Amino acid sequence: MNTQQTTSPQKKAPGKLGLSLLVALVVGSIIGSGIFGLPQNMAAGAGAGAILIGWTVTGVGMLLLVRVYQMLSLRKPELDNGVYAYARALSGEYVGFNSAWGYWVSAWIGNVGYLVAAFGALGYFFPAFGKGNTLAAIIGASMVLWLIHALVLRGIQGAAVLNAVVTLAKIVPLLIFIGLVAMAFQLDTFRLNFWGDAKLGSVLDQVKSTMLVTVWVFIGIEGASVYSARARKREDVGWATVIGFLICLMLLMSVSLLSLGIYGQPELAGLKNPSMASVLEAAVGTWGAVLIYVGLIVSVGGGFLAWMLLAAESLFTPADGGVMPAWLAKQNSKGVPANALWLTNGMVQLFLVLTLFSEASYLTLISMSTAMILLPYLFSAAYGLLLAWRGEGEAQATRGGHHRSDVPIAALATVYCLWLLYAAGLKYLLLSALLYAPGAVVYLIAKRQRSEQPFEGREWAILAALVVLALVAAALLATGRLSI
């Protein structure tokens, strides 16, 4: 086990992000495009009863995971970029690298989705943008990409302040939606076919169908932890995670459940996305749909900015710790991880172009990116359980008032993460191996730059398992036995 500090403090810009900016980073990274399609996404595989159970499982499970991140910020305040650092401390450098790699891939693929969703929403007003993947849309998205890239290069603090402003702006249409739909809510509609049709399967199958959706919309709860090195106070990291989660849970559950009082499950499942627009249009008229489309554009713009920051940071800290190529640790005069930002947005640009030719491939990658985030979450929960069991950092945890409940909380969070892997299914785990395995080449380059042995002991076994899973996935795809 390697519990060594994973950053070089002398390279870091002074911490300048206070509690409010960290909360905005969490909320901004969670609330993006996902919430606007949530009514249809949840109803597509589950009835109202199963959706209620799904939200209960997700709410409790994610709260446990949030508490783990809060606890880890107290017990190990010296570890920066928790998604990477906790995995590294748990099982070594290669596991830490994979956690950071998977998180980064998930982040920039999500940003492709944000841009496509934003210009798809603009297509409601300007038909040339279509569903967000026409030539005009890709040109427009590319211009937005590099404009925001230039803005972030001018400083993290300014970008974080802008993210906070945009986050406040995008919550407004969500609150309007919740208020208006609550007034139009019909209890009889909500109760109709409460447990879903037989074609949806058992209640357990229906609950499982909600899991990847709820994980996708909650990705970002670790945002403050990823940016912990730039926090003004370390204790703010944990509180920002808790506050941001509770705000988002209220918004997500309200949007999902209230919509079931406007449309029944079959009708809701058949809506086109963003399904919030159709729901509000049914409640108040055409202007409701216009409001949601405008809200979506603002929301995905803010989510895109938040995830651009998180993606770059998820490369920078591991590079500073020696498990990513050294050039990714370079900062500009404003303290921005410039090379990491260039690589991240270069990948976004490449996949924006690919959406012109292969929409199906892009949609598959979105599903894979959701599955890829599950392992970093599991590593964090398992590391929290290990620390709590051993009593490491107990003095700091005691001052935070958490130590007595840390063991059961971390244990239940670990069980929840294992449940998510089960709910995701073998298909997405096999497909995600196709994105994890190539990272070994990047890791090998980083270790050779430092003249270090790249793989040791069980790391060879981990590498072999990833390669085998990737080859199995490729073979199944080639023979048509694994669909995408």
Side-chain angles (χ1 to χ4, degrees), residues 1-8 68 72 75-76 78-106 222 225-226 314-326 328-329 371-393 407 410-411 413-415 417-418 420-422 426 429-474:
M1 177 179 298
N2 183 355
T3 57
Q4 179 180 348
Q5 185 172 337
T6 56
T7 61
S8 298
V68 166
L72 287 171
R75 288 181 179 267
K76 288 292 180 179
E78 71 274 14
L79 295 182
D80 294 332
N81 192 335
V83 169
Y84 151 69
Y86 301 149
R88 174 174 173 167
L90 176 70
S91 295
E93 291 188 343
Y94 184 52
V95 171
F97 165 84
N98 274 308
S99 187
W101 174 264
Y103 190 82
W104 174 69
V105 171
S106 180
E222 69 295 324
S225 177
V226 172
S314 68
L315 287 181
F316 170 74
T317 309
D320 205 21
V323 302
M324 292 277 190
L328 290 172
M372 288 182 71
I373 204 72
L374 301 182
L375 283 178
Y377 283 168
L378 176 60
F379 293 145
S380 296
Y383 184 55
L385 177 59
L386 182 66
L387 289 185
W389 185 263
R390 291 181 170 180
E392 290 187 40
V407 171
T414 303
V415 171
C417 290
L418 291 171
L420 289 177
L421 288 170
Y422 164 72
L426 182 61
L429 296 181
L430 281 174
L431 291 174
S432 65
L434 289 171
L435 293 178
Y436 270 111
V441 177
V442 178
Y443 181 72
L444 181 63
I445 293 172
K447 301 305 284 184
R448 284 189 172 178
Q449 285 180 344
R450 297 167 66 94
S451 300
E452 295 176 356
Q453 180 71 25
F455 303 102
E456 298 179 354
R458 60 183 175 181
E459 292 180 344
W460 283 107
I462 296 171
L463 174 63
L466 278 177
V467 171
V468 168
L469 288 173
L471 290 174
V472 169

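Values in this document were obtained by computation on a predicted structure and should not be read as measured data. Heads up: numbering here begins at 1 and tracks the sequence.
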Rounded at 0.5 Å granularity, tell me how far CG in L374 sits from CG in L418. 10.5 Å
To check you understand the geometry: which heavy-atom pair defines the closest contact between L79 and A85, and what is its length? CB-CB, 3.9 Å
Hey, mind stepping through Y443 and E459 against side-chain contact (heavy atoms from CB on, under 4.5 Å) and telling me if it holds? CA-CA 12 Å; Y443 181 72; E459 292 180 344; 4.0 Å; yes
With a 4.5 Å limit on heavy-atom distance, are the side chains of Y84 and V323 in contact? yes
Can you find a pair of side-chain heavy atoms, one from Y436 and one from W101, that are under 4.5 Å apart? yes
Going by the angle between their ring planes, with limits at 30° and 60°, are Y94 and F455 parallel, tilted or perpendicular? perpendicular
If you round to the nearest 0.5 Å, how far is OH of Y377 from OG of S99? 10.5 Å
Side-chain touch P318/R88, heavy atoms, less than 4.5 angstrom: no
Over all heavy atoms of both residues, which pair between T414 and A382 is shortest? Give the atoms and the distance, please. OG1-N, 3.7 Å
Residue pair P376 / V83: nearest heavy atoms and the distance that separates them: CB-CG1, 3.7 Å
Please round to the nearest 0.5 Å and tell me the distance separating atom OH of Y383 and atom CG of L72. 7.5 Å
From OG (S314) to CH2 (W104), nearest 0.5 Å: 8.0 Å
Residue pair K76 / E392, side-chain heavy-atom distance below 4.5 Å: yes
For F97 and G439, which heavy atoms make the closest approach, and how far apart are they? CZ-O, 3.0 Å
Are any of the side-chain heavy atoms of L90 and L386 separated by less than 4.5 Å? yes
In Å and rounded to the nearest 0.5 Å, what is the CG to CZ distance from L385 to R390? 10.5 Å
Provide the closest heavy-atom pair for M324 versus A446 in the form atom of the first, atom of the second, distance. C-CB, 3.3 Å
On a heavy-atom basis, which atom in F316 and which in A329 lie closest, and how many Å separate them? CE1-O, 3.0 Å
Is there side-chain contact between N98 and L375, with heavy atoms separated by less than 4.5 Å? no
About how many Å separate CG of L471 and CG of L430, when rounded to the nearest 0.5 Å? 11.5 Å
With side-chain contact (heavy atoms from CB on, under 4.5 Å) as the test, would you mind laying out the steps for L463 and V467 before giving the verdict? CA-CA 6 Å; L463 174 63; V467 171; 4.1 Å; yes
